[in-house]
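Input: a single structure, listed below in structure tokens.
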There are 2 protein chains.
Amino acid sequence: MSATTIADVARIAKVSKATVSRVLAGQSQYIRAETRQRVLAAIEELGYHPSHAARSLKSKRSCTLGIVGYGLEFYGPSCTLSGAEEEASELGYTLLLHLIRQPETNNVAELLDEMQSRYVDGLIWAVPEIGNNHAWLEDPAFQPSVPVVFLSAEPRPNRFVVAVDNYAAGLTATRHLIAEGCQNIGVITGPLDWWEARQRKLGWKDALESVGLPRKEGFMAEGNWSATSGERGLMQLLTKHPEIDGVFVCNDRMAVGALKIAREMGRRVPEDLAIIGFDDVQDAAYFYPALSTMHQDMIEVGRRAVRELSKVIEAQQNNTPYPPTALLLQAEIVVRESSRRR
Amino acid sequence: MSATTIADVARIAKVSKATVSRVLAGQSQYIRAETRQRVLAAIEELGYHPSHAARSLKSKRSCTLGIVGYGLEFYGPSCTLSGAEEEASELGYTLLLHLIRQPETNNVAELLDEMQSRYVDGLIWAVPEIGNNHAWLEDPAFQPSVPVVFLSAEPRPNRFVVAVDNYAAGLTATRHLIAEGCQNIGVITGPLDWWEARQRKLGWKDALESVGLPRKEGFMAEGNWSATSGERGLMQLLTKHPEIDGVFVCNDRMAVGALKIAREMGRRVPEDLAIIGFDDVQDAAYFYPALSTMHQDMIEVGRRAVRELSKVIEAQQNNTPYPPTALLLQAEIVVRESSRRR
DNA sequence: ACGTAAAATGTAATCGGTTGCAGAAAACAG
DNA sequence: CTGTTTTCTGCAACCGATTACATTTTACGT
């Protein structure tokens, strides 16, 4: 047990608690070199480590960031968390993790309280924006006392956001299919109450419109991100519109389902049907055929979120203004076999 | 800011701080019902929430568990973490997350200090056992003052372990290939400095020996869990031993690489070559052909670890003995297309 | 050598709870 | 109505750090 306290150190080093504290704080140069040495030696000798609780009790800072997440069993969120932890670690923060299992609801009161009572210095809200599950933002009763950075959420005034530019990525993916010579391009979207899903779909729509390609009723199927829903989606599209020769599938899991159905329905990919996914999951290159997809760097999203948050915290302490902004990262297209037709 | 303190509540409720504290503690029944009501009303009115720091400073308990993990970008570890968080949340704990990026090294001193100075009530060590990266356990200088539960580590006396029974799973997988009529069964292992990898391989070896099937030099290739290494592994096996008609690939990512190489080398799966993987990643059913695999419930591993840890903590507080044990969960075989030959 | 400013260190209050001990109130017995 | 338990509540010390303010020590100029 860390039974040694600052008082023990003080006694051994023959100085006062205050002096020890100053040595620990570091920046205060009002310490004689010789004294500092004595204190450090005592610390070393005792194997002393400061009590985090005492420190944050007095100073109101905990060097802890709360992160509220969802869907850790999926690739993207895991990477985000990993990136966030890495950056936090480098900046001297530790993460307090809370996972939500029902992202649609917005029952956040106790959650915020919990985080607050633990004196987190800031909060990362990594729950996708679904329906109006961010409505609590409007309720003044829920205004958290610490800065919050939102991930993958719709940019709005007075809100820090770090997200991938899903709209641009949707444009890129669809334009790629166009460039490959597809004439009838469908889309299998994520659940449309997700902001991200709507953005990707919008990219698809605008890409088609901008070149005057058809966008018939029935060129769209709504999935739920699962492989099964990708199967169902492609089946719907192809039965209603056999002329479809390209599909933008809005995540890789649905895409792998689509690939399977394409095989089973006798469509050659990419010759008869070009497919591009979204996410670039680890094994996308090993799907059959290798999946073209939009690569999004979720690790970077996590890192940026923490970096942004730490800046807000710092600014807040110095009473410097730091206006909320939205940071949009660009996804990159990765062309593999499933969409390459020339 | 949570500016309201227990003193504010006391003032409003016209009682002393001590009384408020007792109401908060709950179990103390030495409070008149009427008084309790007043206090609760005051708490409600003020929107009071206790300060975590103050509480753990005095009581030395933080209701926080530290979890040290590795490889969150992979499926298994993510699920473990998710399960751990879920159980922790149910038991009233919050997780403090720390990720390691170089699991081979065992530079754990500052890490343990950090966790300790934050008064975590217990620790979950979810870093795979690689080489002697658990050697710090032997060093008395590193004995953490809080209980530790190890995940996916070799069971040893005086050590709490929760893990999947990789050996039994290796047996099962290999016996399945035997039952499907394979005569020459190879293995693509994980890196053999990993304990888990060795266990799986051992299962393969013993399964073959127990039925007297050949196990030639060159029936084994060592991978590094990556899809690329699965490709390389299968290529090695098949060039040295074209007669191989079944392979136990020790994780699904390597298996997906193997599937690809099998295709490219013109081996039909499963007719010419039966393949079984390990992990049951989300899309295993959508590989081509659908991948047979050993399903391990990593979520449950996470849950169990936390449950075990909480029991140890409780026992420690009551001064009840609670002997270290190893909890081995069994993996379940999932037979899909890649290994079904009859 | 002495006065004064600057540097170094100490004293003590404070953060927001918990808890041992003691005193007050209520319950109960005779 | 008093004496004794039992139940309830308050006082005050304490957990381990930080920090404003006071005090001592050192440096420096003349």
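In what follows, every chain begins at residue 1, and chains take the letters A, B, ... in the order their sequences are listed.
- Closest to the side chain of A:Lys58, from the set C:dT14, C:dT18, C:dA8, is C:dT14.
- Relative orientation of the A:Phe160 and A:Tyr322 rings is parallel, given thresholds of 30° and 60° on the angle between their planes.
- With 3.5 Å as the limit, one finds no donor-acceptor pair spanning the side chains of A:Ser310 and A:Tyr93.
- Atoms OH (B:Tyr119) and P (C:dG17) sit 17 Å apart, rounded to a whole Å.
- In this structure, A:Leu24 places its CG atom 15 Å from P of D:dG16, rounding to the nearest Å.
- Donor-acceptor pairing under 3.5 Å, judged by distance alone, is present between the side chain of B:Lys17 and the base of C:dG17.
- Backbone-only engagement by B:Val15 is indicated by non-hydrogen atom pairs under 4.0 Å involving sugar-phosphate atoms exclusively.
- Side-chain proximity of A:Leu57 to C:dG16, C:dG17, D:dG10: nearest is C:dG16.
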Candidate pair B:Val306 and B:Ile124, rule side-chain contact (heavy atoms from CB on, under 4.5 Å), full reasoning: CA-CA 8 Å; B:Val306 169; B:Ile124 292 183; 3.5 Å; yes
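- The side chain of B:Arg55 contributes an N or O atom lying less than 4.0 Å from OP1 or OP2 of C:dT18.
- For the pair A:Lys14 NZ and C:dA8 C1', the computed distance is 19 Å after rounding to whole Å.
- One finds no salt bridge joining A:Arg38 and A:Glu45 here, because no Lys/Arg side-chain nitrogen approaches an Asp/Glu carboxylate oxygen to under 4.0 Å.
- The phosphate of C:dA7 has neither OP1 nor OP2 within less than 4.0 Å of any side-chain N or O from A:Arg32.
- Comparing A:Ala54 and A:Thr19 by the nucleotide of DNA chain C whose heavy atom lies nearest to each, the residue mapping closer to the 5' end is A:Thr19.
- We find that CG of A:Asp8 is positioned 11 Å from P of D:dC15, with the value rounded to whole Å.
- Checked by atom type, the side-chain pair B:Ser78/A:Ser78 shows a donor-acceptor distance below 3.5 Å.
- For the pair B:Tyr70 and B:Pro77, the minimum side-chain heavy-atom distance is 4.5 Å or more.
- A donor-acceptor contact under 3.5 Å is not formed by the side chain of B:Arg22 with the base of C:dG17.
- Residue A:Ser16 has no polar side-chain atom (N or O) positioned under 4.0 Å from OP1 or OP2 of C:dT9.
- We find that NE2 of A:His52 is positioned 11 Å from P of D:dT18, with the value rounded to whole Å.
- Regarding B:Arg36, its CZ atom lies at a distance of 9 Å from the P atom of D:dC8, rounded to whole Å.
- Atom CD of B:Glu34 and atom C1' of C:dA25 are 13 Å apart (whole Å).
- Taking side-chain N and O atoms only, B:Tyr48 has a distance below 4.0 Å to OP1 or OP2 of C:dG17.
- Closest contact between the side chain of A:Thr5 and the listed nucleotides C:dT9, C:dG10, D:dA17 involves D:dA17.
- To the nearest angstrom, C1' of D:dT19 lies 13 Å from CD1 of A:Ile31.
- Closest to the side chain of A:Thr35, from the set C:dG16, C:dG10, C:dT9, is C:dT9.
- Between A:Ala53 and B:Ala33, it is B:Ala33 whose nearest contact on DNA chain D lies nearer the 5' terminus.
- At the phosphate of D:dG16, neither OP1 nor OP2 sits under 4.0 Å from any side-chain N or O atom of A:Ser51.
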